Amino acid sequence: MADIATRRSISFPAPRGPALLALALGSAAAILSLWHLSALLPAHRWAEALLAPDLTDMTQVLFHYSALPRLTMALLCGAALALSGALLQRVLRNPIAEPTTLGISAGAQLALGTATLYAPAAMEFSREAVALAGAAAAMLLVMALSWRQGLRPVSVVLSGLIVGLTCAALSATLILLNGEYLMSLFIWGGGSLSQQGWSDVLALLPRLALAGVAAVLLMRPLILLGLDDSAARGLGVALHATRFGVLLVAVWLAASVVSLVGIIGFVGLAAPTFARLAGARSPRQVMGWAPVIGATLLWLADGVTQTVAATQADLIPTGAMTAMLGGPLLLWMLPRLHALAGPTDAGTASTGIERDARHPWRLVAVLAVALPLLCWAALTFGTGPSGWTAATGDLFTQLLPWRAPRLAAGLCAGAMLATAGTILQRLTGNPMASPEVLGISSGAGLGFAALVLAVGTPSRMEQLAASTLGAAAALAVMLLLARRSSFAPERLLLAGVALAAFCGSVLGVIMASGNTRAFQLLGWISGSTYTLETSDAVLAAAVATVLILIVPVTARWLEILPLGETTARSLGVPLGSSRLSLVVLASLLTAAATLVVGPLSFVGLMAPHLARLIGLRRPLTHLVGATLLGAFLMGLSDWLSRTLAFPYQLPVGLFATLIGGPYLMWLLARPSGSKGG
Amino acid sequence: MTTVAGHALYHLKGVGFSVPGRDLLQPLDLTLDGRSIHGLIGPNGSGKSTLIKLLAGQKKPSRGKISFGGKPVADWAGKAFARKVAYLPQFTPAADGMTVRELVALGRFPWHGTLGRVTAADHAAVDEAITRTGMAPLAGRLVDSLSGGERQRAWLAMMLAQQTECLLLDEPTSALDVAHQVEVLALVRQLSRERGLGVVIVLHDVNMAARYCDELLALGEGRLVARGTPAEIMRPEMLDRIYGVPMGVMPHPVTGEPIGYVR
C-alpha cells in the first residue's frame, strides 16, 4: 500500500522474462528427452514408432507406449498443477497456497491406503475413483470448516493444512501398522510418471482443456478477487460463488493429476511463483505463463529423474525430483524478488473467529494444573497383556524408569515446538507459519537420514550430532537467504517452504528406495519416543528450560511486530536484530525438539492456534498457554501412543497430529461465541 | 532530555526520492521549524506521502541529506528517534485482537524498550493520551471492532502516548466526519501550542489546512510549488497553480478567514 504511486508510475512492457524462463527450462528438458529417446531408439525410426509402431519390436513398443506417453504426461501434469496452483494462490491471496496445502493430495493418499487394506475390490474397480473420492472428501471438509467464515482465504488455507496433516498422519499410521505391504504407497505417494499407454494422457487432456476454458471464463471476477473482500464485493463480485467456482476448478485439476500419477508437490507452488519472479505481473499474465512454466518444469524434472535413475527409473518418483530441482531454484531466485506480487492477508494471523478470554491467566492456571494430572495418569496407567492396569507402590517405582524419560522428553519437545510456533506465527503474521514449515525440522531429518544410510545403526550420540548438523545447516541457509531482506516475514516463509520441500523430497527418494533402513527412518520421522533414555530426557529438559525462559523477554517485540514494518519502525523496534534473534531462538527450539520427536509432529503449528482459539491472545498469555498446550498435547500423545495400540508402539508425533488435528477442526467449525469484531 | 524545539526541526538538503523510471520527489531544500504546524497540501501523486515518509525515516532518500535536530535521520538510533518523532501512516494496519488501551500502550515502547520496567509515568502517559483523544469510553474495546473514525483516533492516541516533540500525520482526518475532523485538528493545534510540538500534517482539504496550520507547503509533481502562511496561499491564482483547476476565494461569513472554492 505504500507504493501505490510507485506501481502506477512504472510502465510495464509485455514481460519477456516468463517466456525466456520457459524457453530455458524447455530447452534443457528437450535436450534430456532427445538424449533418452535416442538411447532407446535411433532418431530416424521415431516417426515410424510414433505413427505405426511395429508391435513385435520391443523398443518401438516402449517408445510408443511408455516413453512418449510419459513425456506428454509430464507436460500435461505440470500444466495442470501449475494452473491449479495459480488459481489457488489468487483466490486464497496467499503465495504459499498450492494443491497440497488444501489437503487434497493427502486425502487422496489416505483414501488409497484405506481402500488397499479394507476394500481391495474398490481399488480393482477404479484407483482413480478412490483417489478422487478421497480428494473431494478432504476438500469438502475444508470447505465445511471454513464456510462459517465465508471461505475467507486464511480460514481455507488453515483448514486445508489441518485436514491435510490429519490425513497424512492417518496414512502414516496405516503404513506403520501394516508394514511393507503399504510401502509401495510411498512410491505412488511421490508421484511416479511411468506410463503403460496413452490412456492417462487421453484422460487428462480433456480435463485440462475444460479447466483452462473455465479459468479463462472466471478471469474477470478472479482479478477482482485479488482486492480485499469488501472492494471485490463493492464491485459486484459474488464472493462465495466465485470463490467456490475457482476452488472447484483448481481442486478438480489437482485431483485429476493425483488420481492418475500420485502426489507431485511443489509444481503448483513453484510455477506461479517463477512466473511472477520472471516478470509476469497481471493475473492474466501469471495465469497464462504458469502452466507453460509448470509444464516445462515437470518435463525437466522428469528428464533429470530418468537420467539420475537410469536403472530404476520407476522407483524414484518424479514428484520427489520436482522439489529437488525447484526448491534450490526458488531459493536462488528469492533474493532477486523485488516485490512479491499477489496480495496477501499480511499482518494478520487471525482467522477471524477467536474469542477474548475475560480472565486469560485463569485459563493458563487451568492448563498448568491439568499438566501434572496428565503426568500422574501417564505414569500410573498403562496397558499390559491383560488390559488396562494402574501401577501403584512397587510396580509404579519399577515402571518409572521406563515411563518417565519418554514422557518428560515428550513434554519438553511439545513445549519447545509450541513456543517456536508461537514466535514464528507472531513474527510472520502468517497463521500457517510453524517450525515444520520453516524447514528446520526437515533439515534435522535429512541429517538423520544421511547418517542412517551411511552407518546403518548409529549410536544415540551420533544421531544427535547428525540431526543437529542438519538443523544447523538448514538454519544457516535460511538466515543467509533472509538476511538481504532484513528477515522480511514473507520471504522467510517462502524460503522455508522451499527448503522443507527440498528436504522432504530427498527423504521421499530415500524412503522410496524401499530398503529396511527406510522403515527405521519412517519410524523416527513420524516421531517415536520409545527409544529415549533418561540422559535424553535430562538433556531435553535442560535445553527446554533455558530456551523457554528466554522467550518472555521478547514479548514486547511479539506484540508490535504483527502490526507490520511501518509501525514497528516508527515505534523504534530494531527490525533486523529483533527478527534475527527471534528466528535464531525459534530454530534452536525446533532443532532441540526435533531430535526428540522427529520432524513431523506439527505441534508447533497446532498449539499456538489452540491457545488463540480458547481466548489467549496477548503475547505473554499466548506464549505461556501455547507452551503448556504443546506439552500437554505431546504428553497425552506419548501416553496414548504407548497404550492404545499395545503391543505396538505408535510414534508420538503422529499421535499428536491425530489428537490435535480434529480438536482444532472442531474449534474452527464451532460457532464463535464472543467474537471481537 | 535535550529539546530540539525552538530552532530548526528538520533540515533537508537536496533531498530527492525516485523509483525506477520516475522521480517521486525532485531534489528539495527545506527547513521546518519546531513549535508550529506545517500543512502539506497538493493534488494526488504530488509527493506529499513520500515526503512525510522520508521525514519519518520510513524510507531512505535516493539522494540528499535529511537531518533532524542537527543529526542525519539515518544516524538516529531507532528508539531515540521514536522518542522524538511519532508517525501516523495513511493506512493503519489491522490491530489483531488488541484493545484500544493495549494499542495505545504500545506507544510507550520507545521509552521502556524491550525489557525496561513499565513505570507509573508510562501508565500516566497512556491515560492522558486516551483522555485527550476522547477514547476513554472505548478504552476496553477491541480496535478491530471500532468504526473507521474511532480507529483513527485510537492510533492518534498511540502517537500521543509516545510523547514526542514532533508529530508526522499522513491524512489523519481522511476517515472522520466534519465534527471529528475539527476535533482532531483542534487537538493537534492545542497540543502544538501547549507542548511546543512541531507538526507536519498531510491534508486534502485546503480549507481545513488553512484554518489549522501555521504554514502551508504546496507540492506538485514532486516539487515544492508554494510555501507561505495560509493568508499567502489562499489566493485564487495560487490555488489555481496548486490544484490545476480554476478556484476562487471568499471570506468566511463569520470569521472572515479566506475559503477556497472551485469555480
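Just so we're on the same page: letters track the sequence lines, and every chain starts at 1. Predicted model, so just to flag it, every value in this text is computed and none were measured.
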S.K.: Out of Val202(B), Leu12(B), Leu217(B), which one pairs with Leu51(B) under the side-chain contact (heavy atoms from CB on, under 4.5 Å) rule?
M.R.: Leu12(B)
S.K.: Which one of Glu102(B), Gln90(B), Gln162(B) has the most heavy-atom pairs closer than 4.5 Å to chain A?
M.R.: Glu102(B)
S.K.: Which atoms of Tyr87(B) come close to chain A, meaning under 4.5 Å heavy atom to heavy atom: side chain ones, backbone ones, both, or neither?
M.R.: both
S.K.: Identify which of Gln58(B), Arg108(B), Lys79(B) forms the greatest number of heavy-atom pairs closer than 4.5 Å to chain A.
M.R.: Gln58(B)
S.K.: Pick from Leu88(B), Leu106(B), Val85(B): which one has the most heavy-atom pairs with chain A under 4.5 Å?
M.R.: Leu106(B)
S.K.: Can you say whether Leu103(B) sits under 4.5 Å from chain A via the side chain, the backbone, both, or neither, judging by heavy atoms?
M.R.: side chain
S.K.: Donor-acceptor pair, distance only, cut-off 3.5 Å: does the side chain of Trp76(B) make one with the backbone of Lys84(B)?
M.R.: no
S.K.: Applying the side-chain contact (heavy atoms from CB on, under 4.5 Å) criterion to Val551(A), which one of Leu582(A), Thr627(A), Leu585(A) satisfies it?
M.R.: Leu585(A)
S.K.: Begin with the C-alpha distance, continue with both residues' side-chain angles, and end with the deciding distance and a verdict on side chain to side chain contact (heavy atoms under 4.5 Å, CB included) for Thr554(A) and Thr114(B).
M.R.: CA-CA 7 Å; Thr554(A) 64; Thr114(B) 309; 5.9 Å; no
S.K.: At their closest point, which heavy atom of Pro110(B) faces which heavy atom of Gly107(B), and how far apart are they?
M.R.: CD-O, 3.2 Å
S.K.: Checking Met159(B) against chain A: side chain, backbone, both or neither under 4.5 Å from a heavy atom?
M.R.: neither
